[in-house]
**Student:** 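Attaching a single structure in structure tokens format; questions to follow.
The figures that follow rest on heavy atoms only: side chains count, while hydrogens, waters and symmetry mates do not.
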Amino acid sequence: MKLSDCTALIRSKNAGPFSLTYDIMFSKRELYEHVKASGCITAAKLADVIGCNSQEMKFFVCDNALAFKFTIPRLHPAGDPADADLHGGQQFAPLMDIEIPPYA
Amino acid sequence: MKRKPDFVASDAGTIDAGPYHLGVGKGAYAAEAMRHDLEILLTEVPRGTPILVGSADTAGGDPHVDRTLEIVREIISRRGLKRRVAVIRSELDRTMLQDALDDGRVIPLDHAPELDRNRLVRSTRVVGMMGVEPLQDALRQDVDFILAGRCSDSALFAALPIMRGIPEGLAWHAGKIVECGTLTCETYGKGSMFGELFSDHGIITPIGEGLRCTPQSVASHSLYENGDPYLHRESSGTLDITHARYEQHDPVSVRISGAAYVHADRPSIKLEGVEHAGYQSVLFGGIRDPFIIRQFDKWLNEVKDEVRQRAARLLGDVLSPDDWRIDTHAYGLNAVMGVREPAHDKPPHEIGLAFCVSAPSQLLANKLAELSRQPLLHHPIPEWSGSITGFACLFNQAHVERGPYWRFSMHHVLLPKPNETIFRTEILSLGDA
């Protein structure tokens, strides 16, 4: 299955004007634990999907929020003429298709 | 108000609205919307229950505070109210910042640009983000209403509880949870948040139809717009919620506990600054020709080259190539994600193109847009012979004046000198209070 089949919300947003932060959030603990145990969500994998350098990524596993989180530098500062996503809200879509082993 | 809160607070701003609002000196909301909310606060909250509004008018600069204050004055006068109002301004003096920069007391935050004397001089407006201290000083002067410039969102909610002896970790944590209103609920909806704080725990309750907090919804809100989910830097220290606990208290409320607040060796004040970067004009239109779409990057580069040649020929005496720029955003292709777009190998059937020119004046930006129109419309491709029209203009005239734009120049922290005054407080008696 795809990551978006088992999550409550996948989102991206500015964390200040020079950083982007991504949240992968679950509503069912068993699904969160399944994805966590699958090893499909790692800093290296996420960097590959987003197309950024994993050295620049801060990656967090948040058990109490049932979430994975990572923060990376923005390609362009928010509001710059070269930037096309002021709030950074539409940068998450490639994460949706990450393949997860089926949950039995 | 039936729950008799000790105070009511509202965070009215965010840096997320972009550099424009700080630069132009006006926020993102219509005055009617601000008046609506302020009128409810001023008429429904009884005197004796302080109201705190922070990061006034989106950006919290002096013009933003003044614009909000005008509305407050108007409501107080029209409704025949009497209120003591503390106005705390947070726009920072350039000489003070210059001294701090020279002393090495201005430090960049993650990924911020290098700050030097020139960039500081170029900055249109710089605000400092206040913590609880200026708010507490104002509260000690028995004011009814605090109107603050740029302010930590959580500080608005932590200031009074800390004065009353609530542990700082709990007060800041509760502030962090409620500062975005009902975004911390399971599903976002209309309403507000109510927090009740005790010596070792707090109860967070949403007020509004169908709203519900769960341990997970509250815990996950700490992720929102923060680079780090556990450590939240404030002016006087760091809120650490690594060991925070969240439990369902009743069907809609969550019990929080376990947060810690670690004081820093010295206070630091977050700085937000913008510099005026030029003026823009934008042409917007579409491309449907599959022959253009299959070689879109090549076509677009040729169009841009042609525009640059025309500009050099016709405007070269007033505009050097470094003075202006073209930015293009190809909707349907990769406008939203740029080089991070993974699906760029699938050609779309249609592309929406925003063709943006930026120049030192609006007049020059308009001239460049006018020079761009013909190349966009008629640049040839080898597949067709004869004259083509390859760009479907959305507007007539083809370009839209976008006016001035700003870019972020500062996202730093300032380490003030001991006892240095950063924020300016003024107490006003409105309606002869």
**Student:** With only heavy atoms counted, which part of B:R245 is less than 4.5 Å from chain A, the side chain, the backbone, both or neither?
**Tutor:**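 Looking at B:R245, nothing touches chain A.
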
**Student:** Can you check whether anything in residues 7-16 of chain A gets within less than 4.5 Å of chain B, heavy-atom wise, and list it by number?
**Tutor:**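 Within residues 7-16 of chain A, the residues that come under 4.5 Å of chain B (heavy atoms only) are A:R11, A:K13, A:N14, A:A15, A:G16.
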
**Student:** Sort A:D97 into side chain, backbone, both or neither according to what part of it lies under 4.5 angstrom from a heavy atom of chain B.
**Tutor:**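 Looking at A:D97, nothing touches chain B.
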
**Student:** Is it the backbone or the side chain of B:I15 that comes under 4.5 Å from a heavy atom of chain A, or both, or neither?
**Tutor:**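 The side chain, not the backbone.
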
**Student:** Measure across A:M25 and B:S220 and return the closest heavy-atom pair with its distance rounded to 0.1 Å.
**Tutor:**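 The answer is CE-CB, 3.1 Å.
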
**Student:** Around atom CE of A:M1, are there more than 12 heavy atoms of other residues, nucleotides or ligands at under 6.0 Å?
**Tutor:**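 Yes - once you tally the heavy atoms of other residues, nucleotides and ligands closer than 6.0 Å, there are more than 12.
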
**Student:** I'd like to know whether CZ of B:F296 has more than 12 heavy-atom contacts from other residues, nucleotides or ligands below 6.0 angstrom.
**Tutor:**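 More than 12 within 6.0 Å, yes.
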
**Student:** What's the shortest heavy-atom distance between A:F18 and B:H411, and which atoms?
**Tutor:**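 Result for this residue pair: CE1-CB, 3.4 Å.
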
**Student:** Quick one: what part of B:P342 sits under 4.5 Å from any heavy atom of chain A, side chain, backbone, both or neither?
**Tutor:**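 The side chain, not the backbone.
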
**Student:** Using a 4.5 angstrom heavy-atom cutoff, name the option from A:A78, A:P81, A:S27, A:S19 with the most pairs to chain B.
**Tutor:**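 The residue among A:A78, A:P81, A:S27, A:S19 with the greatest pair count is A:P81.
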
**Student:** Looking at CD1 of A:I72 and CG of B:D110, how far apart are the two atoms once the value is rounded to the nearest 0.5 Å?
**Tutor:**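 That separation rounds to 12.5 Å.
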
**Student:** Write down the atom of A:Q90, the atom of B:M337, and the distance for their closest heavy-atom approach.
**Tutor:**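 A:Q90 and B:M337 have their closest heavy atoms at O-CG, 4.1 Å.
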
**Student:** Among B:C356, B:S222, B:G18, B:A112, which residue has the highest count of heavy-atom pairs closer than 4.5 Å to chain A?
**Tutor:**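 The candidate making the most pairs under 4.5 Å is B:A112.
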
**Student:** With a 4.5 angstrom heavy-atom cut-off, is it the side chain or the backbone of B:Y230 that approaches chain A, or both, or neither?
**Tutor:**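 Contact with chain A involves the side chain of B:Y230 alone.
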
**Student:** Which residues, numbered in order, of residues 37-51 of chain A come under 4.5 angstrom of chain B by heavy-atom distance?
**Tutor:**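 Residues A:I50, A:G51 are the ones that qualify, each having a heavy atom under 4.5 Å from chain B.
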
**Student:** Once rounded to the nearest 0.5 Å, what's the spacing between atom CZ of A:F60 and atom CG of B:N226?
**Tutor:**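 That separation rounds to 10.0 Å.
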
**Student:** Of the backbone (N, CA, C, O) and the side chain (C-beta and beyond), which part of B:F408 lies under 4.5 Å from a heavy atom of chain A, both, or neither?
**Tutor:**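 For B:F408, the contact with chain A is made by backbone and side chain together.
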
**Student:** Give me the atom names and distance for the closest heavy-atom approach of A:D80 to B:R325.
**Tutor:**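 Looking at all heavy atoms of both residues, the shortest contact is OD2-NH2, 3.9 Å.
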
**Student:** In Å and rounded to the nearest 0.5 Å, what is the CD to CZ distance from B:Q216 to A:R29?
**Tutor:**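 The CZ atom of A:R29 is 9.0 Å from CD of B:Q216, to the nearest 0.5 Å.
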
**Student:** Considering only heavy atoms, which portion of B:A17 lies under 4.5 Å from any heavy atom of chain A: side chain, backbone, both, or neither?
**Tutor:**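 Backbone only.
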
**Student:** Enter the distance from B:H329:NE2 to A:D85:CG here, rounded to the nearest 0.5 Å.
**Tutor:**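 It comes to 11.0 Å.
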
**Student:** Hey, what do you get for CG (A:D23) to OH (B:Y224), rounding to the nearest 0.5 Å?
**Tutor:**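 Going from the CG atom of A:D23 to the OH atom of B:Y224 covers 9.5 Å.
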
**Student:** Sort A:P77 into side chain, backbone, both or neither according to what part of it lies under 4.5 angstrom from a heavy atom of chain B.
**Tutor:**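 Answer is neither: A:P77 stays 4.5 Å or more from chain B.
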
**Student:** At a heavy-atom separation under 4.5 Å, does B:A335 approach chain A through its side chain, its backbone, both, or neither?
**Tutor:**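 Interface part for B:A335: backbone (N, CA, C, O).
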
**Student:** On a heavy-atom basis, which atom in A:A67 and which in B:L223 lie closest, and how many Å separate them?
**Tutor:**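 It is CB-CD2, 3.5 Å.
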
**Student:** Heavy-atom count around A:Y103 OH within 6.0 Å, excluding the residue itself: above 12?
**Tutor:**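 Enclosed.
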
**Student:** Top residue by heavy-atom pair count (under 4.5 Å) with chain A, among B:A219, B:S217, B:P229?
**Tutor:**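 Answer, by heavy-atom pair count under 4.5 Å with chain A: B:P229.
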
**Student:** Do A:Q91 side-chain atoms and B:R340 backbone N/O form a donor-acceptor pair below 3.5 Å?
**Tutor:**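 No, because the side chain of A:Q91 does not come within donor-acceptor range (under 3.5 Å) of the backbone of B:R340.
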
**Student:** Which region of B:Q280, side chain (C-beta onward) or backbone (N, CA, C, O), has a non-hydrogen atom less than 4.5 Å from a non-hydrogen atom of chain A, or is it both or neither?
**Tutor:**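 For B:Q280, the side chain is the part near chain A, not the backbone.
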
**Student:** Output the option from A:A84, A:C62, A:P73 having the highest count of non-hydrogen pairs under 4.5 Å with chain B.
**Tutor:**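 Maximum pair count with chain B is reached by A:P73.
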
**Student:** Using a 3.5 Å distance criterion without hydrogens, assess whether the side chain of A:K58 forms a donor-acceptor pair with backbone atoms of B:D228.
**Tutor:**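 No; judged by distance alone, with no hydrogens or angles, the pair does not exist.
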
**Student:** Taking all heavy atoms of B:G227 and all of A:K69, pick out the closest pair and write down the distance.
**Tutor:**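 In this case the closest contact between B:G227 and A:K69 is O-CE, 3.9 Å.
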
**Student:** Pick one of side chain, backbone, both or neither for A:F26, based on which atoms fall under 4.5 Å of a heavy atom in chain B.
**Tutor:**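 Backbone of A:F26 only, per the 4.5 Å heavy-atom cut-off to chain B.
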
